[in-house]
Amino acid sequence: MRARALLALPLILAAGAITPHATAADAGVAALQVGLHSHGLYEGPIDGITGPGTANAIRLLQKRAHLSVDGVVGPQTRRALGRFAKHRLGSRKLLVGNKGWDVASLQFQLAEHGFPSGSFDGIFGPRIDVALRRFQDWTGLKTDGVAGPATLGALTAPPPTIPLPLAWPLTAPVLGDRFGPRGNRWHSGIDLPADSGTPVYSARSGQVVWAGWRDGGWGFLVIVAHGRGERSMYAHLSRIDVRVGVWIGRGVRVGLVGASGDATGPHLHFEVRVRNASVDPLRALPLGEGH
Ligand SMILES: [Zn+2]
């Protein structure tokens, strides 16, 4: 174990300090960003963080509405967003057909809890409905697709974490896109750029439950079930080396890095789910010295 850690350390350091993200994102800010975007004032990421782009868009909105341009979102600035900002989260029950600020907040919170639903747009369509029902099922609530006080209360709990430790699926991991907001969507795993043909190893022992092509952008995909509802997913592979049903140990080669499915270049999209909720894999991976 020690030898392995020492071997991996320089490689991880070469990729820069890899630490899990502190969740500084705010669903209200994400909803504001969706509103600013729908008014053509903001083209930046929907990440729930008030950066310079968001602050600039707030000032543009205030200027356009002939308000004092202070960059602070008070009641008047909210009103300038029109119908979109009419309903604060919790002021009504949300279900299919609703639109606006509260829907965008709900959508962001569901993504943070592992149930993303496509682009953040503040429109309660079928994808939010599916995500909401999965979250309700996950928390043991009635799966009615209606976000009322019980659901919103459950969303105030911290997002789930991974119960079991994992090993890196590549021997020389370089961290690309992290788990979290990306553009106007949620990235539900981590990307590890690597040359096509680089071996991919199972992050933990378990049973192979998927080994083949999967629609929806995954490309050639392997899924390993580890027990306790935990699954690891290895996407965009160029080759698969395991079959469905077999039990494998940790560190067994499951395939090779590729760019199959929706991938702009060769990389491993590594995703971990706990009872169907996607969780940040970095929280369960060894992060250099001391681990
Ligand atoms: Zn990815």
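Note that ligands are numbered from 1 as they come in the structure, with each ligand's atoms numbered from 1 the same way.
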Checklist entry - In terms of hydrophobic clusters joined by side-chain contacts under 4.5 Å, are F120 and V29 together? => result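 Different hydrophobic clusters.
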
Next on the checklist: I want to know whether F179 and W186 have ring centres closer than 6.0 Å.
Outcome noted: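 Yes - the distance between ring centres of F179 and W186 falls below the 6.0 Å cut-off.
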
Next on the checklist: Between the Zn ion (ligand 1) and D191, which N, O or S atom of the residue is the nearest one?
Outcome noted: OD1

Next on the checklist: Need the atom name: nearest N/O/S atom of H269 to the Zn ion (ligand 1).
Outcome noted: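 Of the nitrogen, oxygen and sulfur atoms in H269, the Zn ion (ligand 1) lies nearest to ND1.
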
Next on the checklist: Strictly under 2.8 Å, is the Zn ion (ligand 1) approached by any N, O or S atom of H267?
Outcome noted: no

Checklist entry - Any idea which heavy atoms bring P163 and R228 closest together, and the distance? => result CB-NH1, 4.4 Å

Checklist entry - Within 45° of the six-membered ring axis of W101 and under 6.0 Å from that ring's centre, is NZ or CZ of R83 located there? => result no

